[in-house]
Amino acid sequence: MNTYIFLYPETSFFEVTLAAYFMKTKGSVYIVAEEQHQVICTNEGIKIQKDRDLSQMQAESVDVFLICGGEISNIQNKELLFEVINKCIEDQKIVGGICAGRMLIADAVGDLQYPEKTCVLDNIVLSPGNEYVDFALEVGKAAHIFADEADYQETVDYFKYFKYIGN
């Protein structure tokens with residue numbers, strides 16, 4: 001399973017780190033950015049090197065496409081980003097947007113309405129920034145990464161409710 005995470009200058013990477021961690025358990029995670037950005041400086045002050053240019057991303061290789069929030073005015077080619085979002089949705093890929101990322105997805109789709117809480121609309125997962133745990137859980141659930149309901153519940157208990165079930 002291939003997960004692609006779109007980053008841009010002043011993006012809020014913390015919003016997708018847990019989702020990346022979950023998705024890495026079942027495949028590869030790639031950082032995607034616009035061509036002019038080889039290294040992205042996040043809101044957290046972390047510098048992240050991209051794996052792929054957005055223009056070179058092939059929708060057929062994508063299983064999950066995630067967009068985090070941040071300073072979206074720093075995105076130079078929203079038209080290309082919107083094309084990628086719509087192609088992934090059309091191809092029934094899982095598309096997730098958190099914080100400003102959900103606004104980008106709504107803008108790309110055109111008539112997408114979303115509530116203020118984390119929600120799943122077909123193959124689209126949308127979440128406010130403060131619900132990054134719920135976002136990661138819903139992305140994982142949509143991607144069928146959990147072995148069964150007990151595995152999912154154990155993950156919820158650990159990451160959302162801080163219940164340690166150890167030996």
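We number each residue from 1, following the sequence as shown. Note that the structure is predicted; figures quoted are calculated from it, not measured.
- At most 12 heavy atoms of other shown residues, nucleotides or ligands fall within 6.0 angstrom of atom CG in Asp122.
- Donor-acceptor pairing under 3.5 Å is recorded for the side chains of Thr118 and Glu131.
- Formation of a donor-acceptor pair under 3.5 Å by the Asp63 side chain with backbone atoms of Thr3 is not found in this model.
- Enclosure of atom CD in Gln113 is not indicated, since only 12 or fewer non-hydrogen atoms of other residues, nucleotides or ligands lie within 6.0 angstrom.
- Judged by distance alone, the side chain of Asp157 and the main-chain N or O of Lys163 form no donor-acceptor pair under 3.5 Å.
- Listed here is the closest heavy atom pair of Ile85 and Leu104: CD1-O, 4.2 Å.
- When all heavy atoms are compared, the tightest approach of Gly70 to Asn43 is CA-ND2, 4.0 Å.
- Rounding to the nearest 0.5 Å places CZ of Phe135 at 8.5 Å from CD of Glu15.
- No donor-acceptor pair closer than 3.5 Å links the side chain of Tyr114 to the backbone N or O of Leu121.
- In this structure a side-chain-to-backbone donor-acceptor pair under 3.5 Å is missing from Asp91 to Lys93.
- With hydrogens and angles ignored, the 3.5 Å screen pairs no side-chain donor or acceptor of Glu71 with any backbone N or O of Glu10.
- Taking the six-membered ring where the residue is Trp, the centroids of Tyr4 and Tyr30 are separated by under 6.0 Å.
- Side-chain atoms of Gln92 never come within 3.5 Å of backbone atoms of Asn123 as a donor-acceptor pair (strictly under, hydrogens ignored).
- The only option from Ile72, Ile105, Ile98 that meets the side chain to side chain contact (heavy atoms under 4.5 Å, CB included) definition with Ile67 turns out to be Ile105.
- Between the side chain of Lys50 and the main chain of Glu34, a donor-acceptor pair closer than 3.5 Å is present.
- Residue-environment remark: CD (Glu149) exceeds the threshold of 12 foreign heavy atoms within 6.0 Å.
- Using a distance-only test at 3.5 Å, with no hydrogens or angles considered, no donor-acceptor pair links the side chain of Tyr8 to the main chain of Ile40.
- Between the CG atom of Asn2 and the CD atom of Glu60 there is a distance of 11.0 Å, given to the nearest 0.5 Å.
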